[in-house]
There are 2 protein chains.
Amino acid sequence: MTALSKIKTPKKKPSISPKKGHHKQPTREKIIKAATQVFAGYPYHSASIRMIGKAAEIDHPLVNYYFPSKAALFEAVIDDVADEYYQANISWFDGLDKMNPKAGLDLYLDRFFDFALKHPGAFRIIALNLVQAEDHDVIPGYERIRDFFAKTKQNFKDAVPMSGTDDDIDMFLNSFNTLAINYLAAGTYYASILGIEPGSRQYLEWVKKTMMFVLLPRLRHIINGESKD
Amino acid sequence: MTALSKIKTPKKKPSISPKKGHHKQPTREKIIKAATQVFAGYPYHSASIRMIGKAAEIDHPLVNYYFPSKAALFEAVIDDVADEYYQANISWFDGLDKMNPKAGLDLYLDRFFDFALKHPGAFRIIALNLVQAEDHDVIPGYERIRDFFAKTKQNFKDAVPMSGTDDDIDMFLNSFNTLAINYLAAGTYYASILGIEPGSRQYLEWVKKTMMFVLLPRLRHIINGESKD
DNA sequence: CAATATTTTTAACGATCGTTAAAAAGCCTA
DNA sequence: TAGGCTTTTTAACGATCGTTAAAAATATTG
């Protein structure tokens with residue numbers, strides 16, 4: 001045995017491509033799923049290994065058996081939801097190039113919110129941890145959140161032919177992402193203002209309407225290259 | 001002595017209007033100031049009484065001498081920054097009615113960001129605690145955050161004559177507040193994307209430019225009552 | 001100055017945190 | 001079935017949390 005073999009990862013590693021075995025490492029997957037749920041409810045430092053263990057219906061030290069630390073688990077969760085999102089995001093642009101900006105944004109948001117309904121965790125995890133402490137006390141996987149947005153932006157630039165300047169496109173995309181993340185993640189707040197149920201279709205319709213109202217003029221601008229003022 | 005007199009608040013209450021005494025309750029004020037700083041850096045459940053004590057250069061149990069609980073202190077801090085903001089906010093509308101939307105928004109944002117530079121805590125406290133847990137584990141003073149936005153909206157509606165529908169105005173104001181809060185509170189994130197220093201004038205200029213770019217078309221819309229599409 | 005009231009410090013409580021070590025249980029193969 | 005490996009459980013560690021009680025220090029009043 002080498003010194004390196006003392007690393008505390010499970011000995012029987014999961015095959016990267018599970019092929020036939022539908023649930024090769026059920027415990028590890030249960031933990032990721034439970035951790036996603038817990039990290040979607042509490043900021044990194046407030047979420048606890050014990051909460052995650054309880055959500056996964058296991059004893060909490062088992063989490064440390066599959067993940068060397070809370071930080072590593074958090075990064076695994078971020079990677080997981082980011083992959084899920086990234087893969088889905090690409091498909092949302094299908095066929096949009098044949099539409100006008102309004103119809104395109106309309107369809108894109110439909111696909112977006114359809115995903116958000118099925119994967120409520122991703123946006124909350126990001127929103128809960130985006131506002132950072134000044135220097136110290138950094139949240140692990142913070143740079144992965146940056147990657148998350150960077151990929152989204154690249155997808156957009158690749159899929160949508162635009163005539164606007166890079167500056168204009170960045171202003172638009174940052175604002176799009178900011179509004180989307182907040183309206184989807186802080187639904188408890190916004191919905192309570194509006195007197196709607198946070199997770200309801202009605203709330204998502206309000207979000208869609210609002211985002212189209214605010215963003216459509218500038219989307220037209222960066223697509224058609226109109227003058228700014 | 002009545003039973004009620006056993007409440008553990010300091011016996012010599014601060015006079016509501018300090019009149020002449022410039023620093024009547026210096027310790028209490030020191031605590032509020034330190035707590036504002038700490039709550040601006042960490043979400044409610046991560047910020048600790050001990051951090052606040054250290055920031056105020058006092059022993060931490062003294063915090064509980066002036067405030068019965070962490071929750072009460074947090075509410076006092078929110079009230080403090082909300083009052084500060086509310087009072088300032090009203091003055092930002094002075095003279096805007098004689099301007100066109102673009103010049104008015106420009107000046108309003110200047111005043112807004114000037115305040116933000118001097119009071120960096122307010123927006124971070126709100127942003128750090130706006131995304132809530134589902135049901136349980138509620139952050140104290142959450143409804144005060146709602147009030148905070150509600151007052152802002154009312155100020156806007158009172159000061160700016162508009163022809164748009166209430167729905168349109170609400171969509172605009174919610175998005176305005178969301179963008180402002182995030183760009184100001186999560187400057188660490190956005191500035192790092194742009195390669196700028198988070199608290200710098202240059203970053204605030206980017207925020208201003210971005211908010212004008214995104215919001216000006218719809219501001220014109222709700223002021224002039226133009227057709228939506 | 002003495003007595004009283006207020007403010008601050010010290011010490012400790014029960015609870016929860018992330019992590020580790022060791023024992024127990026389950027599983028596979030010889 | 002026996003022995004070795006993987007997985008799970010149990011127990012415990014040091015640290016930090018909010019809060020309380022009592023002692024000490026300081027300020028106020030007679």
Side-chain angles (χ1 to χ4, degrees), chain A residues 1 5-15 21 23-32 34-35 38-39 41-77 136-140, chain B residues 1 5-15 21 23-32 34-35 38-39 41-77 133 136-141:
Chain A
M1 264 205 176
S5 67
K6 295 186 73 177
I7 293 177
K8 197 195 40 187
T9 43
K11 299 309 177 308
K12 201 163 211 170
K13 291 178 184 175
S15 51
H23 33 72
K24 254 301 156 64
Q25 282 231 122
T27 305
R28 201 192 130 97
E29 284 167 20
K30 256 201 305 186
I31 292 172
I32 287 271
V38 171
F39 281 128
Y42 304 87
Y44 175 73
H45 287 106
S46 297
S48 80
I49 299 273
R50 283 170 170 87
M51 290 181 196
I52 293 166
K54 185 164 283 182
E57 294 178 308
I58 57 167
D59 292 293
H60 75 269
L62 196 54
V63 174
N64 282 92
Y65 177 74
Y66 284 93
F67 300 91
S69 67
K70 181 182 172 183
L73 171 58
F74 185 70
E75 294 188 11
V77 167
H136 44 76
D137 211 50
V138 174
I139 288 170
Chain B
M1 266 206 174
S5 66
K6 295 186 74 177
I7 293 178
K8 198 194 41 189
T9 42
K11 298 309 177 307
K12 201 162 212 171
K13 291 178 184 173
S15 54
H23 33 73
K24 253 306 158 57
Q25 283 230 123
T27 304
R28 201 192 130 98
E29 282 167 22
K30 256 202 304 188
I31 292 172
I32 287 272
V38 171
F39 282 129
Y42 304 87
Y44 176 73
H45 287 106
S46 298
S48 80
I49 298 272
R50 282 171 170 86
M51 292 180 196
I52 292 165
K54 185 165 285 182
E57 295 178 307
I58 56 166
D59 293 292
H60 75 269
L62 196 53
V63 174
N64 282 90
Y65 177 76
Y66 285 92
F67 300 91
S69 66
K70 181 182 172 182
L73 172 57
F74 185 69
E75 294 188 12
V77 167
H136 43 75
D137 211 50
V138 174
I139 288 169

Closest approach to the side chain of [X], judged atom by atom: which nucleotide of [options] is it?
{"X": "A/Ser48", "options": "C/dT19, C/dT9, C/dG18", "value": "C/dG18"}
{"X": "A/Arg50", "options": "C/dT9, D/dA12, D/dT19", "value": "D/dA12"}
{"X": "B/Asn64", "options": "D/dT20, D/dT8, C/dT7", "value": "D/dT20"}

Shortest non-hydrogen contact from [X] toward [Y]:
{"X": "A/Ser46", "Y": "B/His45", "answer": "OG-CB, 3.6 Å"}
{"X": "B/Ile52", "Y": "B/Ile31", "answer": "CG2-O, 4.1 Å"}
{"X": "B/Ala76", "Y": "B/Phe67", "answer": "CB-CE2, 3.9 Å"}
{"X": "B/Ala47", "Y": "B/Tyr42", "answer": "N-CB, 3.7 Å"}
{"X": "A/Thr27", "Y": "A/Leu62", "answer": "CG2-CD2, 3.9 Å"}

[X] [atom1] to [N] [atom2], straight-line distance once rounded to whole Å:
{"X": "B/Ile58", "N": "C/dT6", "atom1": "CD1", "atom2": "C1'", "value": "15 Å"}
{"X": "A/Tyr44", "N": "C/dC17", "atom1": "OH", "atom2": "P", "value": "14 Å"}
{"X": "A/Met51", "N": "C/dC17", "atom1": "CE", "atom2": "C1'", "value": "10 Å"}
{"X": "B/Lys70", "N": "D/dT16", "atom1": "NZ", "atom2": "P", "value": "15 Å"}
{"X": "B/Tyr66", "N": "D/dG18", "atom1": "OH", "atom2": "C1'", "value": "19 Å"}
{"X": "B/Leu62", "N": "D/dT26", "atom1": "CG", "atom2": "P", "value": "14 Å"}
{"X": "A/Asp59", "N": "D/dT10", "atom1": "CG", "atom2": "C1'", "value": "8 Å"}
{"X": "B/Phe67", "N": "C/dT7", "atom1": "CZ", "atom2": "P", "value": "13 Å"}

Q) Axis-to-axis angle across the helix from C/dC1-D/dG30 to C/dC27-D/dG4, five pairs an end, to 10 degrees? A)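 Roughly 10°, once rounded to the nearest ten degrees.
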
Q) Is there a donor on the side chain of A/His60 or the base of C/dT19 sitting less than 3.5 Å from an acceptor on the other? A)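 Checked by distance alone, the answer is yes.
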
Q) Going through the checks in order, is the side chain to side chain contact (heavy atoms under 4.5 Å, CB included) test met by A/Ile139 and A/Phe74? A) CA-CA 9 Å; A/Ile139 288 170; A/Phe74 185 70; 3.6 Å; yes

Q: Take A/Pro61 and B/Pro61, find for each the nucleotide of DNA chain D with the closest heavy atom, and name the residue whose nucleotide sits nearer the 5' end.
A: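 Its nucleotide being nearer the 5' end, the pick is A/Pro61.
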
Q) Would you say B/Thr27 reaches C/dT8's phosphate, i.e. side-chain N/O to OP1/OP2 under 4.0 Å? A)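 So the side-chain polar atoms of B/Thr27 do come within 4.0 Å of the phosphate oxygens OP1 or OP2 of C/dT8, strictly under.
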
Q. Are B/Tyr65 and D/dT20 close enough that a side-chain N or O sits under 4.0 Å from OP1 or OP2?
A.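 For D/dT20, OP1/OP2 do not have a side-chain N/O of B/Tyr65 under 4.0 Å.
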
Q.
Please classify the nucleic acid contact of B/Ala47 as base, sugar-phosphate, or nothing, using heavy-atom distances under 4.0 Å.
A.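 Since only primed, P, OP1 and OP2 atoms lie under 4.0 Å of B/Ala47, the category is sugar-phosphate.
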
Q: Report the relative orientation of the aromatic rings in A/Phe39 and A/Tyr44; use parallel for angles under 30°, tilted for 30 to 60°, perpendicular for over 60°.
A: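 Parallel, since the angle between the ring planes stays under 30°.
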
